[in-house]
Amino acid sequence: MAAYAALVSVMHIIDTIEHHHSPPISIDKQQVESLTQTVIFLQEFLEGYKSPVADGDEADPLEMRIVDAAHAVEDVIESHIVNVIKLGRSSPNEEFLQGYVVDAAHAAEEVNSGEEVSCIDFYEDLQQVIEEMNVMKKEAMEIVAEAQLQRKVSSTHAGSLTSSSNVKESMMVGFDDVQLQLLDRLTGGNRNRQIIPITGMGGIGKTTLARHIFEHTLVKQHFDIRGWTTISQTYNVRETLREVLHQVSEDSRNDLSDENELGENLYKYLYGRRYIIILDDMWSVEVWDKMRFFFPDYNDGSRVIVTTRLSNLATELTNSNSLDMRFLDDVSSWSLFSKTVFGDEVFPLQLEEIGKKIVGKCKGLPLSIAVIGGLLAKSELILEYWEHIEKNLSSIVNSENDEYFLRVLKLSYDHLPAYLKPCFLYMGMFEEDEEIRVAELMRLWVSEGFLKPIINKSSKTIAKVYLKELVDRNLILVHKLGAVGNIKYCKMHDLLRDLSFQEAEKQRFYYVLGQHYPRGINSQCRIVIPRSTSAMTVRDAMETMSSRARSFICHGDTVPELLDFRFLRTILSTYKYSGGCLDENVFQMVNLRYLSARFRSGFQIPSSISLLWNLDTLIVSCWGEPMTAPVEIWKMHQLKHLEIVGLGGMYLPDPLSGDSDVMMENVETLKGVIDFNLNEEVVKRIPNIKKLYIRYRHKVMDRDRVKCLSYLQCLSKLESLTCIIDDGSDDEYLQSISFPHSLKNLCLGCGKFHLEEILEKIGSLPLLEKLTLYKGQFARRRWEIVEGQFPCLKYLSLGACADMECWTLEGSCLPRLEQLHLSWMESLDEFPSEIGEIPNLKSIELVGCSESMAVSLKKIVDEQEELQGEPSIHVLVKSFNVSQELQSLATPNFRVFGYSLM
């Protein structure tokens, strides 16, 4: 809820000021104590509060007054911070960049006449908003006393960091006949290109069925090319074509701006190949009319699957019958519900009767069953609580449309603990069907300040647990896992996103530019600019927008001119292509915490970055020449994530020696740094670094810098390292490289350097889970992995090691390896037979390797299948030229794929 988020945000800024290395202001201790007590009381009140208008179209008046009061507190504090920092910097009697002003009264004495920062005014203004907060506290106390508010059973979850260990998988329960029917139409004898619509209401399982079919072994074997894209209501033909082209051919040109050029490229690539393309969530036949000519009908059995909620659209797409998704019957509904709530465990007998009533009132809607089941999976096994769910469901099951479904889903939102509601609402700020990078999402949650602190837990840890809570409740969908099983990307179902919009509008949590909103945008703290928003709409909105806005999320190539937004905390520009550049004046916005945007070519980070006293994330996208960071960047005490996106990268200057204030003690990620001069002084300034991405592009001018990579071993908390040595630089960089034992992920691009000595060091790393090696040479043309090496390695990728001719494994090495990827290993002709004895190995991918290597791997896989009775290793072979012999090896478990560069 917006009120809870606002209160947590107030506590966050107070805590930051109290514990900051050099806070720009101080707050009277009595005021801090009074404000803290009031905020904590209101937080606890909201954790158990049941709004009397929770099911209405309007937000609870008390909650919205709490929102306004909390924002007023932040306005007073952050406005004073702006005044002190900017006026303090202009003072002739104080070197601002040598340290921030700590005491506001001292600042008032130091600044020039006419620029005086009144400490008295600040304390008076702060006292006034504290009194307004106390009014909210008194009203809440009266509600508690009068109503004798009893906490619901669901409130027992508030403040807890415990997640269910029951990990639920996507299940196709009750649709076996539809699946078989669809498989028959996909692989049947009809040679014409066919359009196959899958129809049904939202949440019925259309996308789940399509995804299941898309990943089906028979489909992967039958079709040469598979592609998937989501259309949505606000479709863009150019972006849709770009996505399909990227899906089917990562090597094809997908940076074209003209949709006809994109379509022609797609047509050329699909022509002569049997393809299956899935167009998910289509709302209008117009999009197909604009794209149909780019999907060739080569009389080879190609298929296009379209999922849509609109039954009449199916008849416009094709003359053939559509596949209509029906509601689950009682048996299938109960089976899905049981698996969602209890997995493979036995359903408790005392809950079976009430459970069947709940399932019956979901009316066979799979998503409804999954979401309600996800809610109950997180609850205690108390009959009264399940009866409460059943009673609420019984009053809203009369309608069969999406509005009814949103009301059903709202139960899951209402029963979320207060600390999770802001995280759920925030998901609606992303584009429809967007693949949301989890690392970015968690950084945004942290920067927004609405994650409730937990003793001895970092903000990143709390964000991870909150994400898992929402995934376990089926409110966030896992879209893509990383190499070692972590969640890399997530998505949100469109109906759940609609629910987020509905609740956000009521609570003024954020405003989406261009959508109808009766309150306007004057009181909005978070502004979302969709990709489809025109420049004129943005300009018009900026004229009426309040300068109190704290977040801008820009999805398109039009970004606003941010001139007078003194309270801005978050600026995120997600556009991946040209345009959408910000001006460097954003580095004057002293309250910024998160800045991720594209800047013009030739941009340099200004020294005014030191004004951003609370910045924790800086992501600069700039595709020109390398930039050089100002030395003031070493004074960014709050900075946690620094990333440079683009080919140029960034030079990080040496810190000023002897200055104890020059330190990035909180930085955890440095990405895009080139020719990084690691030395004893530098490693002292980044003691908590966890992720480091560095590149060496030039020859060493100072011979003392040759040993800079030996200092890596001093970074005792480093978990992920990417180090690229370009061909034009000195291989001497790697001669003295040493790795810390904390390393879990290593990517090494070695140019022409010999790998043997380095691999001995890498093999002994006790925690290493993921290893990627690109280029590099083997002096003896062989790589021997002996017993005891790589004890924890789960993912291994080797690429372009052209002179590696022999690979041997001794003893029980690589005991935990799960995934193996080899690319362009042209001299390696044979797989080591011991590869089949690795117990956890699940998949092997070969790209551009020799045919003899694939043949030897096929023998190993067949032998393992004979011994175990079933395939244990899934193999994918990608090659330019697929001979008949290589094609004859193909099985559902050993896939062969041919492709070409265009």
Candidate pair I276 and I305, rule side-chain contact (heavy atoms from CB on, under 4.5 Å), full reasoning: CA-CA 7 Å; I276 177 172; I305 293 178; 4.0 Å; yes
Where L886 and A854 come nearest, the two heavy atoms and their spacing: CD1-CB, 3.7 Å
Residue pair E719, K691: steps toward the salt bridge (Lys or Arg N to Asp or Glu O under 4.0 Å) verdict: CA-CA 6 Å; E719 296 180 357; K691 295 182 179 180; over 6 Å; no
Intermediate values then yes/no, side-chain contact (heavy atoms from CB on, under 4.5 Å), L771 and L793: CA-CA 7 Å; L771 174 61; L793 197 67; 3.8 Å; yes
Under 3.5 Å: donor-acceptor pair, side chain of Q819, backbone of L796: no
Nearest non-hydrogen partners of Q777 and E756, listed with the distance: O-OE1, 3.9 Å
D300 side chain vs R274 backbone, donor-acceptor pair below 3.5 Å: yes
4.5 Å side-chain heavy-atom contact, V847 and W824: yes
Inter-residue atom distance L317.CG - R292.CZ, 0.5 Å rounding: 8.5 Å
Set of ring-ring contact (aromatic ring centres under 6.0 Å, His included) partners for F295, sequence neighbours left out: W288
Nearest heavy-atom neighbours spanning L270 and F294: CD1-O, 4.0 Å
For the student: nearest non-hydrogen atoms of P197 and I195, plus distance: CD-O, 3.5 Å
Side chain to side chain, K878 and L876, heavy atoms closer than 4.5 Å: yes
Pair E440 + R443, salt bridge at N-O below 4.0 Å: no
Student check: side-chain heavy atoms of N840 and L817 closer than 4.5 Å: no
Where L709 and C723 come nearest, the two heavy atoms and their spacing: CD1-SG, 4.0 Å
Residues, nucleotides or ligands: over 12 heavy atoms within 6.0 Å of K220 NZ: yes
E643/T669 under side-chain hydrogen bond (donor to acceptor under 3.5 Å, both in side chains): CA gap, chis, key distance, verdict: CA-CA 7 Å; E643 178 178 350; T669 301; over 6 Å; no
Within-4.5 Å side-chain heavy-atom neighbours: L768 and C792: no
Side-chain (D297) to main-chain (R193) donor-acceptor, under 3.5 angstrom: yes
Separation between NZ of K290 and CG of L241, rounded to the nearest 0.5 Å: 11.0 Å
N/O donor-acceptor pair under 3.5 Å between R303 side chain and R185 backbone: yes
Aromatic plane relationship, W807 with W783 - under 30° parallel, 30 to 60° tilted, over 60° perpendicular: parallel
Atom NZ of K761 with >12 non-hydrogen neighbours under 6.0 angstrom: yes
Carboxylate-amine/guanidinium proximity below 4.0 Å for E259 and R238: no
R816 atom CZ, neighbour heavy-atom count above 12 within 6.0 Å: no
Test item: Y275 side-chain N/O and P296 main-chain N/O as donor-acceptor pair under 3.5 Å: yes
Among T772, I758, L759, side chain to side chain contact (heavy atoms under 4.5 Å, CB included) partner for L748: I758
Backbone of V178 reached by a side-chain donor or acceptor of Q181 within 3.5 Å: no
Verdict with supporting geometry, R782 and E805, side-chain contact (heavy atoms from CB on, under 4.5 Å): CA-CA 6 Å; R782 60 187 297 123; E805 297 177 352; over 6 Å; no
NZ on K744 to OG on S742, rounded to 0.5 Å: 9.0 Å
Polar side-chain atom of T308 near backbone of D281 as donor-acceptor pair, under 3.5 Å: no
Basic-acidic side-chain contact under 4.0 Å: K491, E435: no
Atom CD of E243 with >12 non-hydrogen neighbours under 6.0 angstrom: yes
Spacing of CZ belonging to F831 relative to CE belonging to M825, to within rounding of 0.5 Å: 9.5 Å
Q789 versus S764, side-chain donor and acceptor atoms under 3.5 Å: no
Residue from I644, L670, I674 passing side chain to side chain contact (heavy atoms under 4.5 Å, CB included) with M650: I644
4.5 Å side-chain heavy-atom contact, L279 and T229: yes
Atom pair CZ/CD of F894 and E865 - distance to nearest 0.5 Å: 12.0 Å
Nearest atoms (heavy-atom pairs only) where T217 meets P892: CG2-CB, 3.0 Å
Pair D726 + R695, salt bridge at N-O below 4.0 Å: yes
Under 3.5 Å: donor-acceptor pair, side chain of E769, backbone of Y795: no
Worked check of side-chain contact (heavy atoms from CB on, under 4.5 Å) between Y693 and V673: CA-CA 7 Å; Y693 300 73; V673 180; over 6 Å; no
D280 and T307 side chains, donor-acceptor separation under 3.5 Å: yes
Any N745 side-chain heavy atom under 4.5 Å of L721 side chain: no
Any donor-acceptor N/O pair, S852 side chain to D829 backbone, under 3.5 Å: yes
Between CE on residue M804 and CG on residue L755, distance to nearest 0.5 Å: 10.0 Å
Beyond-backbone contact of I198 with V306, side-chain heavy atoms, under 4.5 angstrom: no
Q194 backbone acceptor or donor facing T318 side chain under 3.5 Å: no
Side-chain touch V244/H246, heavy atoms, less than 4.5 angstrom: no
